[in-house]
Amino acid sequence: MDYKTILVTTNEKGFATVQLNRPQVLNALNREVMDELVRALESLDQDDSIKCMIITGNKKAFAAGADIKEMADATAVDMLVRDQLSKWDRIRKIKKPLIAAVSGFALGGGCELTMLCDIIIASETATFGQPEINIGVMPGAGGTQRLTRAVGKYRAMEMVLTGNFIKAEEAHQAGLVNKIVPVEMLLHEAEEMAALIASKPPVALKMAKESILKAFDTTIETGLEFERKNFYLLFSTEDQQEGMHAFVEKRKPKWKGK
Ligand code: HXC
């Protein structure tokens with residue numbers, strides 16, 4: 001597919017990389033970027049040769065937020081009619097694992113986009129923040145909900161109410177980031193993780209992701225039921241047979257993805 005604001009690459013290891021590519025505005029997420037990002041992710045989600053996707057930016061910015069210039073003169077009705085945020089729901093519905101590889105600014109919608117991903121790998125220069133308060137609004141794409149669940153009430157309050165940024169180290173300590181690596185190692189590290197995940201049985205990957213996400217919007221009782229049903233359901237896959245017999249026969253499994 002032909003994209004103007006993102007670069008999409010795939011490889012034989014079974015993962016794809018989607019790079020946000022509006023460097024002149026620190027990858028500000030305008031409507032076109034979000035359209036293209038959602039289309040790319042949905043298409044990769046349907047592609048059997050791809051098991052996992054990386055979303056990344058450049059050295060200076062993962063993304064500095066929604067495009068302020070595009071929103072500055074919008075009315076509430078414009079925002080409602082544009083309904084940009086429904087695109088974020090579509091990213092939430094992506095079934096394959098998403099890895100955010102973050103260097104530089106991940107602010108506002110940029111920070112929210114990292115939190116829509118399932119694993120966040122940061123470079124030492126990564127900076128996270130929800131500075132919407134400084135421009136008269138507040139987070140709108142999950143910042144108050146996912147950030148609070150990730151870092152707890154008090155840190156989330158401080159970040160959202162002051163608009164202050166946190167550096168990679170603090171984000172890591174707070175549980176927002178899986179690991180921190182030197183800038184030049186960022187993509188390599190994300191690719192290693194993506195290749196490892198892509199080497200696992202795809203149906204089990206999807207069900208495991210779905211089950212973990214369930215923990216965010218249900219009671220423990222319902223979540224455990226959901227997990228158990230997915231666990232039992234995996235016994236109808238050929239990959240369960242293959243995985244368990246390969247273990248018993250002391251050989252490497254060959255996944256079929258069914
Ligand atoms: C549009 C942006 C932008 C943004 C940066 N730019 N962020 N344009 N929307 N979110 C543009 C600048 O206008 C400038 O363009 C160029 O990128 C470089 O930015 P500078 O400000 O010159 O860079 P620097 O001095 O290094 O400062 C970096 C920065 C600052 C601290 C990240 O750019 C900044 O504060 N950006 C806004 C961050 C923010 O408030 N994000 C939240 C947005 S609201 P020119 O043409 O001047 O060179 C949001 C709501 C999400 O995300 C809700 C759901 C979608």
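In what follows, every heavy atom counts, from backbone to side chain, and hydrogens, waters and symmetry copies are set aside. Both ligands and their constituent atoms are indexed starting at 1 by order of listing.
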Worksheet entry | Per-atom contacts of ligand 1 with Q24, taking only distances under 4.0 Å to non-hydrogen atoms | 16 (C), 17 (O)
Worksheet item: Heavy-atom distance to atom 37 (C) of ligand 1: which of L107, I133, I68, V25 wins?
Response: I68
Worksheet item: With a 4.0 Å cut-off on heavy atoms, does L85 reach ligand 1?
Response: yes
Response to the item:
atom 44 (S) of ligand 1 sits nearest the protein heavy atom I135 CD1, 3.6 Å
Worksheet item: atom 50 (C) of ligand 1: protein heavy atom closer than 4.0 Å?
Response: yes
Worksheet item: Above 12 or not: heavy atoms from other molecules or residues under 6.0 Å from CD of E42?
Response: yes
Practice prompt. Give the residue, atom name and distance (to 0.1 Å) of the protein heavy atom nearest atom 13 (O) of ligand 1.
Written response: K69 NZ, 3.0 Å
Item to complete: State the atoms of ligand 1, each with its element, that fall below the 4.0 Å cut-off from a heavy-atom position in E112.
Response: 51 (C), 53 (C), 54 (C)
Worksheet entry | Within-cutoff protein neighbour (heavy atom, under 4.0 Å) for atom 46 (O) of ligand 1 | yes
Worksheet item: Nearest protein heavy atom to atom 33 (O) of ligand 1, by residue and atom, and its distance?
Response: L26 CD1, 3.7 Å
Practice prompt. Classify the side-chain pair T5/E32 by whether it contains a donor and acceptor separated by less than 3.5 Å.
Written response: no
Discussion item. Suppose I only count heavy atoms of A141 and a 4.0 Å limit; which atoms of ligand 1 are within that range?
Written reply: 54 (C)
Discussion item. I'd like to know if E225 and K229 make a salt bridge, using a cut-off of under 4.0 Å between side-chain N and carboxylate O.
Written reply: yes
Practice prompt. Drop me the distance from K95's NZ to L213's CG, to the nearest 0.5 angstrom.
Written response: 11.5 Å
Worksheet item: Say you draw a straight line from CD1 of I121 to OG of S103; how long is it, rounded to the nearest 0.5 Å?
Response: 12.5 Å
Worksheet item: For ligand 1, which atoms sit closer than 4.0 Å to a heavy atom of A28?
Response: 1 (C), 4 (C), 9 (N)
Worksheet item: So, are E242 and K256 salt-bridged, with charged N and O less than 4.0 Å apart?
Response: no
Worksheet item: Would a search of protein heavy atoms around atom 20 (P) of ligand 1 find one under 4.0 Å away?
Response: no
Item to complete: Number the atoms of ligand 1 from 1 as they appear, then name those within less than 4.0 Å of a heavy atom of E132, with their elements.
Response: 44 (S), 49 (C), 50 (C), 51 (C), 52 (O)
Worksheet item: Is the closest side-chain donor-acceptor distance between T75 and D78 under 3.5 Å?
Response: yes
Worksheet entry | Close-contact set for ligand 1 against G109 heavy atoms, below 4.0 Å | 49 (C), 51 (C), 52 (O)
Item to complete: Would you mind telling me if ligand 1 is within reach of the side chain of V137, the backbone, both or neither, using heavy atoms under 4.0 Å?
Response: neither
Fill in: Whether K60 lies under 4.0 Å from ligand 1, heavy atom
yes
Worksheet item: Is the closest heavy-atom distance from Q84 to ligand 1 below 4.0 Å?
Response: no
Worksheet item: Taking atom CH2 of W255 and atom CG of L205, what is their separation to the nearest 0.5 Å?
Response: 9.5 Å
Item to complete: Supply the atom-to-atom distance H172 NE2 to F128 CZ, rounded to the nearest 0.5 angstrom.
Response: 10.5 Å
Discussion item. Regarding atom 7 (N) of ligand 1: of the candidates A64, C111, P131, which has the closest heavy atom?
Written reply: A64
Practice prompt. Output yes when E191 and K13 qualify as a salt bridge under the 4.0 Å nitrogen-oxygen rule, no when they do not.
Written response: no
Worksheet entry | Other residues, nucleotides, ligands: >12 heavy atoms within 6.0 Å of D48 CG | no
Practice prompt. Return yes when at least one protein heavy atom is under 4.0 Å from atom 27 (O) of ligand 1, and no when none is.
Written response: no
Discussion item. Salt bridge or not between R251 and E249? Use side-chain N to carboxylate O under 4.0 Å.
Written reply: yes
